[in-house]
Every structure is written in C-alpha cells, then in structure tokens.
Amino acid sequence: MIFAANFKTNHTRASTKAYIQTLESLAQKVENPIYVFPPLSAIDDFATSKLVVGVQNAYPARNGAFTGEVGVEQLEEFAIKTILIGHSERREILGESQESVAKKFAFFKEQGFTIIYCLGEPLEVRQEGQEALQEYLFAQLEGIDLSYEKLIVAYEPIWAIGTGVSATTADIRATHQLLKKVITQAPLLYGGSAKLDNIKEIADISEVDGVLVGSASLDAHNFFAMIEASR
Ligand code: PEP
C-alpha cells in the first residue's frame with residue numbers, strides 16, 4: 001500500500017518539521033513509500049529515508065516571470081522531485097482546466113518528476129449514472145500519458161473529500177475496476193475521507209493500491225496508525 005498525506009493549507013514550517021521527524025522515526029519498519037505534501041512555505045531539505053516529500057503544486061517552468069509561482073529551479077534547491085497534479089480543489093477552486101492540468105503533467109513528466117495525478121467526479125455526475133461517470137472520469141485523463149513510469153493516479157470522488165463520508169467499498173471497487181481498464185500500469189490510490197475507522201476495509205479492496213489522505217493525515221501519529229492498520 002502506498003500512503004500519501006496531503007496537508008493542503010494546513011501546518012506551519014515548524015509543525016511540518018516536527019511532523020516529518022515524528023513520522024520518519026515511526027515509519028522505520030514500513031517498506032512501501034510514504035509521500036508527504038506540505039504547503040510550499042514549509043518545504044525544506046528534509047533528511048528523510050522513509051518519506052518522500054513533494055509539493056501540492058508548482059508552475060510548469062524552470063523559472064521566469066510568473067508572479068507568485070514557484071518553478072523547478074526553486075524546487076531543486078530542496079531536492080523536490082514529486083508533485084500532485086489535478087487535485088479537485090485546484091480544478092474547482094483555482095479554475096485549472098484539463099488543458100492546463102495536462103500541460104503541467106507534460107512539463108513535470110519531462111522533468112522526471114514522480115506525479116500523483118488526481119481525478120474524481122462531483123456528486124451530480126455520479127447520480128447521472130455509469131455512462132456519465134465514465135465519460136467524466138475519462139475526460140480527466142485526456143492528454144495524460146498513462147504509461148509514464150513515475151505516475152501514480154489517485155481517484156478522489158469530490159463528494160467524499162473532506163466531508164467525513166467516504167465512498168462505499170462497493171463504489172470504490174467498481175470505479176477502480178472501471179479506471180483500471182485504461183490505467184494498466186500506474187498504481188491507483190483512493191482518496192476521500194480515508195481515516196483510521198475505514199482504512200482496513202479500503203486497504204482490503206484488491207483494486208486499491210494505496211490512499212491519498214487529507215484531514216486524517218494531519219496528525220503524524222494518526223496517519224501512522226492508519227498505515228499500521230492497513231497491514
Ligand atoms: C484530499 O483532498 O486529497 C483528501 C483525500 O482529503 P480528505 O482525506 O480530507 O477527504
């Protein structure tokens with residue numbers, strides 16, 4: 001199981017440092033990679049052997065005139081080679097189109113980054129039925145090279161993100177089966193209110209290769225308890 005923690009706009013520089021130290025020492029016996037995505041301001045050159053620290057977003061350029069943005073040159077300073085792309089909050093709140101998401105993907109692929117690429121549907125689409133669901137999700141794969149060897153995909157139904165209500169195991173299984181018809185190589189994570197209470201049943205779904213966790217990842221001990229519980 002792959003575990004990934006998305007802090008979003010939570011944690012400070014100091015609390016991120018403490019979190020990384022705590023999780024790094026707790027996770028010494030964990031074999032699979034654990035990804036942590038702190039806010040940009042908390043990124044540092046962390047000495048980690050068990051954790052992979054990545055960014056939640058960056059601008060698809062090495063450097064240049066992109067006010068307020070961070071490019072590859074700035075990430076290199078901290079040896080960052082991992083990025084989240086396509087998160088629903090960036091699509092919905094920050095207005096990132098599929099075209100701009102695909103452009104960002106192509107750029108960071110070219111730079112050799114590990115990419116956790118997110119996709120997921122709003123509740124209205126799911127309620128329209130299977131055909132609408134498939135059409136919506138597959139449209140979010142347009143322009144994405146699914147054979148990229150450093151790609152990890154995260155299926156995150158928008159209605160389950162940050163709501164405390166996870167998708168049912170039957171819904172997760174069925175949607176992962178659908179996605180795995182086209183995502184044949186990359187690991188496929190589930191995201192959406194994964195927590196200590198439900199991690200075992202999510203981890204037991206054979207089509208789930210890992211989880212992307214928001215709220216329940218914010219406490220290092222709780223996140224590690226999830227990792228332990230999934231085993
Ligand atoms: C997320 O936003 O990636 C996420 C899965 O959040 P939460 O776990 O809080 O639903």
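Order of appearance sets the numbers: ligands from 1, and atoms from 1 within every ligand. As a basis for the values below, the full set of heavy atoms in this structure was taken, side chains included, without hydrogen atoms, waters or symmetry mates.
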Close N/O pairs between ligand 1 and protein, under 3.5 Å:
{"unit_1": "ligand 1", "atom_1": "2 (O)", "unit_2": "K8", "atom_2": "NZ", "d": "2.5"}
{"unit_1": "ligand 1", "atom_1": "2 (O)", "unit_2": "H87", "atom_2": "NE2", "d": "2.8"}
{"unit_1": "ligand 1", "atom_1": "3 (O)", "unit_2": "H87", "atom_2": "NE2", "d": "3.0"}
{"unit_1": "ligand 1", "atom_1": "3 (O)", "unit_2": "E156", "atom_2": "OE1", "d": "3.2"}
{"unit_1": "ligand 1", "atom_1": "3 (O)", "unit_2": "E156", "atom_2": "OE2", "d": "2.7"}
{"unit_1": "ligand 1", "atom_1": "6 (O)", "unit_2": "K8", "atom_2": "NZ", "d": "3.4"}
{"unit_1": "ligand 1", "atom_1": "8 (O)", "unit_2": "G214", "atom_2": "N", "d": "2.8"}
{"unit_1": "ligand 1", "atom_1": "9 (O)", "unit_2": "S215", "atom_2": "N", "d": "2.9"}
{"unit_1": "ligand 1", "atom_1": "9 (O)", "unit_2": "S215", "atom_2": "OG", "d": "2.6"}
{"unit_1": "ligand 1", "atom_1": "10 (O)", "unit_2": "G162", "atom_2": "N", "d": "2.7"}
{"unit_1": "ligand 1", "atom_1": "10 (O)", "unit_2": "S193", "atom_2": "N", "d": "2.8"}

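Residue pairs satisfying the salt bridge (Lys or Arg N to Asp or Glu O under 4.0 Å) criterion with at least one member in residues 157-181, sequence neighbours excluded, are listed as follows: R126-D171, R173-E207, K180-D209.
Using cut-offs of 30° and 60° for the angle between ring planes, the Y148 and F105 rings count as perpendicular. Ring-plane geometry between F7 and H11 is classed as tilted, the angle between the planes lying from 30 to 60 degrees on a 0 to 90 degree scale. Between F113 and F108, the ring planes are perpendicular. Angles over 60° get that label, and only those under 30° would be called parallel.
Here the CG-CD distance, from D45 to E77, works out to 9.0 Å after rounding to the nearest 0.5 Å. Interatomic distance, L212 CG to H87 NE2, rounded to the nearest 0.5 Å: 6.0 Å.
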